[in-house]
Amino acid sequence: MDDTVLEKSIREESARLIAALREKEAAAVRALEEDHAASLERFRRQAAEEAGARREQELAKLENGAVLERKKLRLRSLERFLDERVAETVRDLRGTRQYRAFLLASVRAAAQRISGEAQIRVKPEDLAWQDEILAAAGDCQSAAVAADPSIKWGGCLVRDAAGGRLFNGTLERIYFRKSALLRRKVVQLLADYSRSEKTATTPRPKEE
């Protein structure tokens, strides 16, 4: 084999090896690029899923907070509504004979449980009935009536001077004991009213 043929054979073999090496390198580069692209896609999906989960979590927190605030607002509105209605009812009640009868009955009930001195405190305006209040406390050995500005609505506080007991016959105390029941009744009334309003505004189906 002459040098020319040998050189040509070497060049051809070298070219083949170089081409094979380049193809192998290109395949390795493609594999690396594909793996890198797959990793980027996995990271993008994971980041999107985590961001979506965080977003949903934050949205849930906001929604729960909004629901809680709406409940608080409704409760505050209900409290204001009850306070206004009770104050209005008490104002109307104080101008009736039933209120005076209630006051005297409360004094009498407490006096029946006291054998010694009874110290009776009433709303300042109710001192106008002092003689009747003392007459209602007739079962006691002695009784004294005084104004108590802390009684805002009405009724009486009767103290057993000897026994140290205090009988609370105020309208405030009665309302405190009945407030839970009154709230339930008001909530029920409001719910019934809301349902009746929806029924009244719902269009009836047309008759054919």
Side-chain angles (χ1 to χ4, degrees), residues 61 63-201:
K61 288 180 180 178
E63 179 62 23
N64 291 337
V67 170
L68 182 60
E69 288 302 317
R70 286 197 295 270
K71 288 182 178 179
K72 288 180 179 178
L73 180 60
R74 283 197 294 268
L75 286 174
R76 286 194 293 267
S77 299
L78 177 60
E79 289 294 333
R80 279 198 304 271
F81 178 81
L82 279 175
D83 290 343
E84 290 170 0
R85 296 291 75 77
V86 169
E88 181 180 341
T89 301
V90 169
R91 282 195 301 268
D92 294 341
L93 175 63
R94 287 187 54 80
T96 65
R97 288 179 298 177
Q98 286 86 348
Y99 171 71
R100 183 168 62 174
F102 156 76
L103 173 61
L104 298 177
S106 297
V107 171
R108 190 177 299 111
Q112 290 174 352
R113 303 175 64 180
I114 299 174
S115 58
E117 178 187 355
Q119 298 171 348
I120 305 167
R121 302 203 303 272
V122 297
K123 188 175 174 65
E125 294 87 333
D126 294 344
L127 281 178
W129 301 317
Q130 181 171 354
D131 292 341
E132 295 174 73
I133 292 171
L134 289 172
D139 291 343
C140 300
Q141 290 182 5
S142 62
V145 184
D148 187 342
S150 69
I151 301 176
K152 296 180 180 180
W153 292 350
C156 63
L157 291 169
V158 182
R159 179 177 176 80
D160 178 358
R165 296 176 298 171
L166 180 65
F167 299 95
N168 191 331
T170 61
L171 291 174
E172 289 94 323
R173 176 61 178 171
I174 294 172
Y175 172 70
F176 177 78
R177 293 203 313 267
K178 300 291 185 179
S179 59
L181 176 61
L182 288 172
R183 284 183 177 83
R184 287 196 297 270
K185 287 185 176 295
V186 169
V187 169
Q188 183 62 49
L189 288 171
L190 292 175
D192 292 343
Y193 176 79
S194 178
R195 282 194 294 268
S196 66
E197 284 289 297
K198 288 181 181 179
T199 302
T201 55

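- The main-chain N or O of Ile151 is never found under 3.5 Å from a side-chain atom of Glu172 such that the two would form a donor-acceptor pair.
- Contact record, Val158 with Ala118: CG1-CB, 4.1 Å, taken as the closest heavy-atom pair.
- Considering only heavy atoms from C-beta on, Leu93 stays 4.5 Å or farther from Phe102 through its side chain.
- Here the CH2 atom belonging to Trp153 is positioned 12.5 Å from the CZ atom belonging to Arg94, to the nearest 0.5 angstrom.
- The side-chain heavy atoms of Leu104 and Ile133, taken from C-beta on, include a pair separated by under 4.5 Å.
- Within a 6.0 Å radius of CZ in Arg97, other residues, nucleotides and ligands contribute 12 heavy atoms or fewer.
- Taking every heavy atom of both residues into account, Leu127 and Ala147 meet most closely at CD1-CB, 3.6 Å.
- Across every non-hydrogen atom of Gly154 and Tyr99, the tightest pair is CA-OH, 3.2 Å.
- The CZ atom of Arg100 lies 6.5 Å from the CH2 atom of Trp129; values are rounded to the nearest 0.5 Å.
- Pairing each heavy atom of Val107 with each of Ala136, the nearest pair is CG1-CB, 4.1 Å.
- Atom CG of residue Leu171 and atom CG of residue Leu103 lie 9.0 Å apart, to the nearest 0.5 angstrom.
- Between the OG atom of Ser106 and the CD1 atom of Ile120 there is a distance of 11.0 Å, given to the nearest 0.5 Å.
- Lys152 places none of its side-chain heavy atoms less than 4.5 Å from the side chain of Thr170.
- If you take CZ on Arg121 and CG on Asn168, they are separated by 9.5 Å, rounding to the nearest 0.5 Å.
- Within a 6.0 Å radius of CZ in Arg113, other residues, nucleotides and ligands contribute 12 heavy atoms or fewer.
- Distance check: Gln119 CD to Ile114 CD1 gives 9.0 Å after rounding to the nearest 0.5 Å.
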